[in-house]
Amino acid sequence: MASEVSKEERLLNLLVVLRTTRTPLAIGDIHRLVEGYHPEPDSEAFRRTFERDKDDLREMGVVISVEEVKFGDANQPGYRVRAEDYELTGLVLGPDELAALRLAAEVVRVDGSGADADTFRRLGGWSAQGPPTDLSVAVALPEALRPLIDAVAARQPVAFGYRGRPRALDPWRTVMRRGRWYLTGRDHASDQPRTFRIDRIDGPITTMEGTFDPPAQATDPSLRPWEFGSGAPVACRVAVGPRQAFIARAEVGEDAVVEERPDGTVVLELAVTDREGLRTFVLSFLDDAELLSPPEERRAIIEWLKA
Amino acid sequence: MSAARPTAGDRVRRLLAIIPWVVAQTEPVHVDDVIRRFGVTREELERDLDVLAMVGPQPRTPDVLSEAWIEDDDTVHVNPVGELTAPLRLSPDQALALLVAGRGFAGVDGQEDVTPALRHGLDKLARALGLPDDDELDVEVGAAATPVLAALREARADSRVVEIDYYSHGSDQRSTRRVDPLRLVVNDGRWYLLANCHQADGERIFRLDRIEAARLTDQTFVAPASVSDPALEPGAGREVVIEVGPEHRWLADQYPTRSIEPRGDRLRITFAVEAEAWLDRLLLRLGPSARLVRPRAELEARRRQVAARVLERYRDA
């Protein structure tokens with residue numbers, strides 16, 4: 001009788017049956033093979049319970065594929081769980097590797113889809129001593145990352161909406177810097193490398209026909225607002241005083257340093273394509289920074305301050 | 001971890017993880033081991049094992065059903081139906097999350113943490129996801145000056161007081177302070193040090209990219225038993241109201257905003273002021289097209305003052 005079989009038992013049996021079958025199972029087969037459903041295979045009660053069980057399994061991360069099966073003269077939906085959907089086949093991790101990944105996941109907590117309690121259990125449970133207490137990292141994983149990674153792996157171009165406009169891209173790499181995720185690739189419209197912030201992708205990501213060859217050399221997305229424009233870059237020199245020189249150097253990079261003065265002031269040379277980005281950068285140091293050259297940019301910032 | 005009651009799906013998932021682990025152990029498994037590792041109570045485990053005992057293929061006669069029980073000596077025994085013995089592999093989403101966590105972890109300086117086991121595990125994950133090259137997914141959890149981070153981690157490990165040269169962004173001040181480093185945290189891509197500051201005589205949060213240098217001293221401190229993650233959200237501060245053109249909409253993304261109100265084709269934004277120097281920077285950045293609404297006189301005077309201060313630098317042009 002259905003009432004004697006617990007829901008967990010029925011779910012487990014259903015899961016086992018769906019995983020072990022070599023061909024998709026019609027609903028009548030499932031009724032025959034799994035105990036715990038209403039005795040009448042044609043009943044509404046059975047169908048409803050089955051639908052809820054499917055939802056429960058799907059929520060667990062189980063992908064139930066639906067294919068057509070021939071049942072007598074008609075076609076019916078047939079269900080099964082394909083191994084490659086449910087788990088990464090071919091991925092066999094040894095106990096040391098599992099332990100190392102577990103430690104990493106205990107220190108670097110990934111929010112968003114992925115490393116939840118179930119993940120830890122599949123890694124063999126939580127470690128005895130718990131995570132180290134001196135370090136704690138939180139990383140967000142946007143939903144769009146997975147389909148983008150799949151496209152990067154498959155070398156398939158993608159189309160998506162970005163801040164209201166449609167884009168098409170050969171996706172080369174995904175990068176996480178300073179808490180933000182970026183996608184770099186060849187923009188189809190301009191035929192140039194472009195970087196997109198993944199959290200600014202609106203709407204669905206669809207894969208396009210064909211494949212591409214990624215470039216040999218990886219490009220890092222620029223995080224420097226003064227480089228966000230297009231056109232030929234203008235060389236600009238900025239002096240930053242000793243109080244904040246170290247911050248400017250870290251932000252711009254050591255190869256931008258052109259002069260170090262005895263008082264600790266540093267002079268940096270930036271390649272600028274975006275005037276607003278330059279101005280924001282310089283003014284963020286308040287009176288510790290001065291835009292030295294070229295004269296027209298220096299005049300522009302003086303005008304801005306006087307306005 | 002969520003305190004909500006586990007659903008049937010949660011319980012099934014839990015059982016699917018416990019079974020292969022128990023089966024894989026070569027030594028007898030004590031019930032306490034399972035309880036600690038998998039986050040279950042004894043009652044939950046017993047119930048789970050009862051469920052397992054009823055699982056098997058048709059005709060579900062005793063010879064094909066799974067067996068599961070806890071012995072008198074508190075060891076756990078399972079003899080599950082074939083399909084359930086295989087260790088549960090990671091789903092693609094889980095593998096991606098672990099790859100991100102692992103690469104992020106490996107990228108944190110302290111290279112001694114990157115064991116061969118971690119490297120191999122990450123390689124396998126990457127290949128399973130179809131990403132043979134390191135470049136395709138690059139994770140840097142937060143930028144931090146290597147010497148500063150390394151010094152702070154060492155100090156924390158040895159419970160040694162550290163002297164830091166710090167630039168406070170909020171007050172636009174430099175200082176040198178002695179602190180007890182308690183915890184290092186990455187949040188939203190930035191490194192923070194939670195420390196007991198001797199000067200302030202209390203816990204303070206310091207952004208690592210504003211620490212110019214960190215020097216270990218001979219002084220030690222007693223680390224507290226537990227340190228909670230600091231609240232990194234900006235506190236309740238005073239408000240200022242500014243009206244800008246729609247091209248400045250991005251301001252709301254970057255600064256703590258209490259509200260945004262459309263006013264015709266412009267936007268009226270209410271900001272929470274974190275610290276005074278922060279407000280100075282915002283005013284300089286907005287420029288003449290922004291209308292300073294409230295407190296108007298104060299904001300206008302302030303903008304004039306800070307602009308004048310910066311203009312001093314350009315005097316001998």
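Every chain is numbered from 1, with letters handed out A, B, ... down the list of sequences.
- A salt bridge links A:Asp287 and B:Arg309; the closest N-O separation between the charged side-chain nitrogens and carboxylate oxygens is under 4.0 Å.
- With chain B as the partner, the residue from A:Leu145, A:Leu286, A:Leu98 showing the most heavy-atom pairs under 4.5 Å is A:Leu286.
- Only the side chain of A:Arg200 comes within less than 4.5 Å of a heavy atom in chain B; its backbone stays farther off.
- Heavy atoms of A:Arg279 lying under 4.5 Å from chain B are absent altogether.
- Proximity to chain B (any heavy atom under 4.5 Å) is shown, for A:Ala138, by both the backbone and the side chain.
- When heavy atoms are compared at a cutoff of 4.5 Å, B:Val306 approaches chain A solely by way of its side chain, counted from C-beta outward.
- Scored by the salt bridge (charged side-chain N to carboxylate O under 4.0 Å, His left out) test, B:Arg11 finds A:Glu8 as partners (sequence neighbours excluded).
- The pair A:Arg243-B:Asp172 meets the salt-bridge criterion, since a charged nitrogen lies less than 4.0 angstrom from a carboxylate oxygen.
- With B:Tyr314 contributing its side chain and A:Leu292 its backbone, the two residues share no donor-acceptor pair below 3.5 Å.
- Looking at B:Arg119, neither its backbone nor its side chain comes within 4.5 Å of chain A, counting heavy atoms on both sides.
- With A:Trp304 contributing its side chain and B:Leu284 its backbone, the two residues share a donor-acceptor pair below 3.5 Å.
- Judged by distance alone, the side chain of A:Thr174 and the main-chain N or O of B:Glu136 form a donor-acceptor pair under 3.5 Å.
- There is no contact between B:Asp50 and chain A, counting heavy-atom distances below 4.5 Å.
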